[in-house]
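What follows is a set of notes on a single structure, which appears directly below.
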Number of protein chains: 2
Amino acid sequence: MIQYKNIQYQCSMELTLDLIGGKWKSLILWHLGENTLRFSELKRTLPQITQKMLTQQLRDLETDGLVHRYIYTQIPPKVEYSLTDAGKSLLPILATLCQWGLNYANEVEVDGKDLTCEPSAPSSLSQ
Amino acid sequence: MIQYKNIQYQCSMELTLDLIGGKWKSLILWHLGENTLRFSELKRTLPQITQKMLTQQLRDLETDGLVHRYIYTQIPPKVEYSLTDAGKSLLPILATLCQWGLNYANEVEVDGKDLTCEPSAPSSLSQ
DNA sequence: TATAACAGTATAAAAAAGGATACTACATTA
DNA sequence: TAATGTAGTATCCTTTTTTATACTGTTATA
């Protein structure tokens, strides 16, 4: 039994899935990878996410100590996001999840060759 | 890009998390482990789950080819659940997720020593 | 002067996930 | 005869998650 944020988990796996589950978190972590990305760069990397969701998920990840947020006191604003050490320690696991899904897709389904486990466009055009 | 059940995934990791995400699926898979369990045994192993959710999640897992369902034509009914090969191939990944959560909990938080990555009570009293 | 870029916030709504309760049929047990 | 165990369904309801849309203030650019 484990407790985090007033939630009781029977198993630490549940905690892990709370931290990286949902529609966006793992994708954000994955795309951050080893890079530092600005808010707008992340937004462009995940075109389907709304601004609100991106903000919300980044706040959660920051609160959970997986993502670091650095605010440049500039105008117009500049905010950079990067993985903390805890966040980076998730990368191999995310890679495993990705690889398993790939195998699953290739064995069970066939819609979609050319799958990749790399973040699609590691655009590192920081300003 | 990959498609499964009319859902488009940008990355196969999203697919994986759809298959094992949610409140119960990973826990069910984990508790099945190498055992075969009857519906009521699973229910007792996860006391908090409702009958509806257990049925629903097991159906999903079956549809996705992760769990096998064997019906004995008896009265009262007897139905046994076990992992398929695809399901078993997830076990190492679940163990990794569990272990990561354990480390995270020990480093970030402290509420809850004696965490375990073993299914709490591997009760294998099949009738 | 109007527009775009930046990093958001606010509000409402829709969709998905999860939960509570009652019910089924049949056989065995008390 | 009534209660219990089996593996569920059916219905309704609540909570959580996700989406859509409009809006903020400042600066640089066209």
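Every chain is numbered from 1 and lettered A, B, ... according to where its sequence line falls, protein lines coming before strand lines.
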Have Asn103(A) and Glu107(A) got a donor and an acceptor in their side chains that come within less than 3.5 Å?
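The criterion, which ignores hydrogens and geometry beyond distance, is not satisfied for Glu107(A) and Asn103(A).
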Less than 3.5 Å apart, any donor N or O on the side chain of Tyr72(B) or Glu80(B) sitting next to an acceptor on the other?
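Side-chain D/A pair, Tyr72(B) to Glu80(B): present.
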Minimum-distance nucleotide to Thr55(B) side chain [options: dT9(C), dT6(D), dT9(D)]:
dT9(D)
Just compare dT9(C), dT9(D), dG18(C) and give me whichever is closest to any side-chain atom of Arg59(B).
dT9(D)
With sequence neighbours excluded, what pairs up with [X] under the side chain to side chain contact (heavy atoms under 4.5 Å, CB included) test?
| X | value |
| --- | --- |
| Lys23(B) | none |
| Ser89(B) | Trp100(A) |
| Glu34(B) | Lys88(B), Leu91(B) |
| Ile75(A) | none |

Would you kindly give the [atom1]-to-[atom2] distance between [X] and [N], to the nearest whole Å?
| X | N | atom1 | atom2 | answer |
| --- | --- | --- | --- | --- |
| Gln56(A) | dT19(D) | CD | P | 10 Å |
| Tyr72(B) | dA27(C) | OH | P | 20 Å |
| Gln74(B) | dA27(C) | CD | C1' | 11 Å |
| Met53(B) | dA16(C) | CE | P | 15 Å |
| Leu58(A) | dT18(D) | CG | P | 14 Å |
| Glu62(B) | dA7(D) | CD | P | 15 Å |
| Leu42(A) | dG8(C) | CG | C1' | 14 Å |
| Ile7(B) | dA15(C) | CD1 | C1' | 13 Å |

Per the ring-ring contact (aromatic ring centres under 6.0 Å, His included) rule, what does the pair list look like for residues 42-62 of chain A, sequence neighbours excluded?
none
Is [X] near enough to [N] that one of its side-chain N or O atoms lies under 4.0 angstrom from OP1 or OP2?
| X | N | answer |
| --- | --- | --- |
| Arg38(B) | dG5(D) | no |
| Tyr70(B) | dA7(D) | no |
| Thr50(B) | dA20(C) | no |

Just distance, no hydrogens or angles: give the donor-acceptor pairs under 3.5 Å from side chains in residues 54-63 of chain B, sequence neighbours left out.
from     : atom 1 : to       : atom 2 : distance (Å)
Thr55(B) : OG1    : Gln51(B) : O      : 2.9
Arg59(B) : NH1    : Tyr81(B) : OH     : 3.4
Asp60(B) : OD2    : Lys25(B) : NZ     : 3.4
Thr63(B) : OG1    : Arg59(B) : O      : 2.8

Among residues at least two apart in sequence or on other chains, which ones pass side-chain hydrogen bond (donor to acceptor under 3.5 Å, both in side chains) with Asp64(A)?
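Listed in chain order: Tyr4(A), Lys5(A).
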Output one line per pair: protein atom, nucleotide atom from nucleotides 24-30 of chain D, and distance, for all N/O pairs under 3.5 Å.
none

On DNA chain C, nearest-nucleotide positions of Lys52(A) versus Arg69(A): which is more 5'?
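Taking each residue's closest nucleotide, the earlier one in sequence belongs to Arg69(A).
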Can you find a heavy atom in the side chain of Leu32(B) that is under 4.5 Å from one in the side chain of Leu42(B)?
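Yes, side chains in contact.
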Taking only heavy atoms on the protein side, list every residue of residues 17-25 of chain B lying under 4.0 Å from any atom of DNA chain C, sorted numerically.
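Gly22(B), Lys23(B), Trp24(B) - these, ordered by number, are the residues of the stretch whose heavy atoms sit under 4.0 Å from the strand.
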Given that Tyr81(B) and Ile49(A) both sit by DNA chain D, which one's nearest nucleotide is further toward the 5' end?
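It is Tyr81(B) whose nearest nucleotide is closer to the 5' end.
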